[in-house]
There are 2 protein chains.
Amino acid sequence: MSTIHMEVLSPIAKPAVTSADRVLVQIQRAVVEGEIAAGSKISEPELARKFNISRAPLREALARLERCHLIERIPNAGARVVRLSYEGLIHLYQIREELEGLACRLAAEYMPTEEIEQLQGLLDQHLSHQRVREGESYYQEAGDLDFHYRVILGSKNPYLINMLCDELYYLVRMYRVQMGMNGPRVSRAFDEHKAILTAIGNRDGELADLLMRRHISASRKNIEIKLAQQEK
Amino acid sequence: MSTIHMEVLSPIAKPAVTSADRVLVQIQRAVVEGEIAAGSKISEPELARKFNISRAPLREALARLERCHLIERIPNAGARVVRLSYEGLIHLYQIREELEGLACRLAAEYMPTEEIEQLQGLLDQHLSHQRVREGESYYQEAGDLDFHYRVILGSKNPYLINMLCDELYYLVRMYRVQMGMNGPRVSRAFDEHKAILTAIGNRDGELADLLMRRHISASRKNIEIKLAQQEK
DNA sequence: CTTTCCATTATTGTCGACAATAAATAGCTT
DNA sequence: AAGCTATTTATTGTCGACAATAATGGAAAG
């Protein structure tokens with residue numbers, strides 16, 4: 001259970017040794033969960049005071065926030081929290097489909113059998129958690145991302161891992177969290193995960209690729225609906 | 001001719017307003033062209049002195065260099081120029097194939113006819129340059145990257161554009177430059193570009209995708225050979 | 001002679017202050 | 001009164017110095 005939290009917050013366990021790291025995690029969470037409103041301007045002096053650090057490490061943190069597309073910076077003008085939009089969602093998921101499809105093909109080839117079995121166990125564990133805590137969206141969120149992380153890590157491609165886990169996934173989470181994802185898709189998602197993992201276990205990269213693309217596409221449509229509801 | 005240089009060095013014309021920007025471009029070039037040796041350690045005080053700036057903007061530049069995978073940083077330990085390797089090349093081109101394939105599909109859908117025609121003209125222009133300056137690898141380099149840039153921009157997906165043009169292409173250039181790419185592939189590459197663009201013009205995304213993947217795959221094999229020669 | 005521990009040195013991370021640029025406000029002109 | 005311009009204000013970019021951490025070299029023990 002606490003493992004799930006850890007996994008979601010930091011896919012690749014890097015001990016936050018520097019103060020910029022520490023603050024980065026906090027701001028990331030605040031932005032993703034909407035604590036700092038989407039579209040709002042970011043004041044460096046204000047944030048620095050808030051976290052009791054100087055502007056130097058804060059700017060380092062902001063640079064990394066820009067890297068994962070959570071803020072947008074304009075030279076000599078400042079930074080703003082990104083604004084969620086329909087177009088943004090589409091663009092983001094176009095890439096996800098492609099890259100996570102690739103991750104599946106690679107995982108089918110390179111993911112050690114041991115890791116696959118371990119992930120299988122994790123899926124069952126998530127399922128039981130899900131049964132117990134029906135409707136708690138955070139568990140779905142955590143479990144889903146956890147699954148995707150593992151598959152991506154299984155690709156053994158460092159660039160791919162970096163792009164998806166470090167650069168794209170915080171924004172994905174932001175869409176899901178702020179759209180309040182839960183609903184009836186939960187159990188279906190579990191089945192889809194199972195099917196994908198089975199294909200990977202059978203070393204059938206093509207099928208795993210196809211299933212993952214469908215899975216992500218379905219997830220996108222789910223968020224699209226929420227976004228449309230919210231905008232009207 | 002000078003346009004070609006500009007295009008290669010800065011795909012999306014952002015006037016380097018801050019001193020960090022200015023220095024970034026210089027270090028990028030130095031790393032890509034091997035002026036700063038691959039695998040060598042980077043000294044912040046030394047570089048700061050060399051460019052007559054303080055460490056603050058230099059560190060900003062280093063952060064962005066890390067972002068495009070030209071250097072690797074370890075907290076409290078420092079930064080090293082990335083080392084080229086067979087595995088790295090494979091991993092990099094796996095992603096390129098996927099993302100540029102996607103870019104082609106999207107370009108076939110969203111690239112304005114006007115832009116396509118303009119790119120067609122650019123291809124012819126490159127061809128004539130090529131005929132005149134037979135064997136000058138830099139022109140091939142510039143022309144090839146220019147073509148890829150245009151197609152990527154045609155996708156109209158900001159995340160895709162950012163990933164390919166800002167994060168991946170400097171490393172691609174580094175492989176190509178340091179492996180000394182020229183040789184007999186030049187004229188074939190022009191034909192492949194033509195074919196891809198024709199498919200995009202016909203709004204045939206599937207075909208453009210396929211052709212681009214083959215084109216990139218062929219380019220990879222070309223570099224693989226050089227790399228193998230160099231390592232033996 | 002090798003290995004381990006410690007001190008020294010150098011490098012990175014952080015801080016507070018200053019300079020340059022952009023935003024906000026007030027005053028002037030039409 | 002509206003719009004433009006100049007001045008003020010605030011924010012970002014940059015600097016030099018200090019603190020904390022890692023790399024280096026040497027001395028002592030085995």
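In what follows, chains carry the letters A, B, and so on, assigned in the order in which the sequence lines appear, proteins first and then strands, with residues in each chain numbered from 1.
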**OP:** To the nearest 0.5 angstrom, please state how far the CE atom of B:M174 sits from the SG atom of B:C68.
**Re:**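 So the gap between those two atoms works out to 10.5 Å.
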Original post:
In Å, rounded to the nearest 0.5 Å, how long is the span from CD of A:E98 to CG of B:L160?
Top reply: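 Atom-to-atom, A:E98:CD and B:L160:CG are 9.0 Å apart.
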Subject >> Pairing of A:R64 and A:D21 as salt bridge, 4.0 angstrom limit >> reply: yes
Subject >> Contact pattern, 5' to 3', of nucleotides 11-16 of chain D - B, S or - by protein heavy atom under 4.0 Å >> reply: SBBSB-
Original post:
Which atom pair, heavy atoms only, marks the closest approach of A:A103 to A:S155?
Top reply: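 Closest heavy-atom pair between A:A103 and A:S155: O-CB, 3.9 Å.
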Original post:
Would you call the rings of B:H193 and B:H148 parallel, tilted or perpendicular if under 30° counts as parallel and over 60° as perpendicular?
Top reply: perpendicular
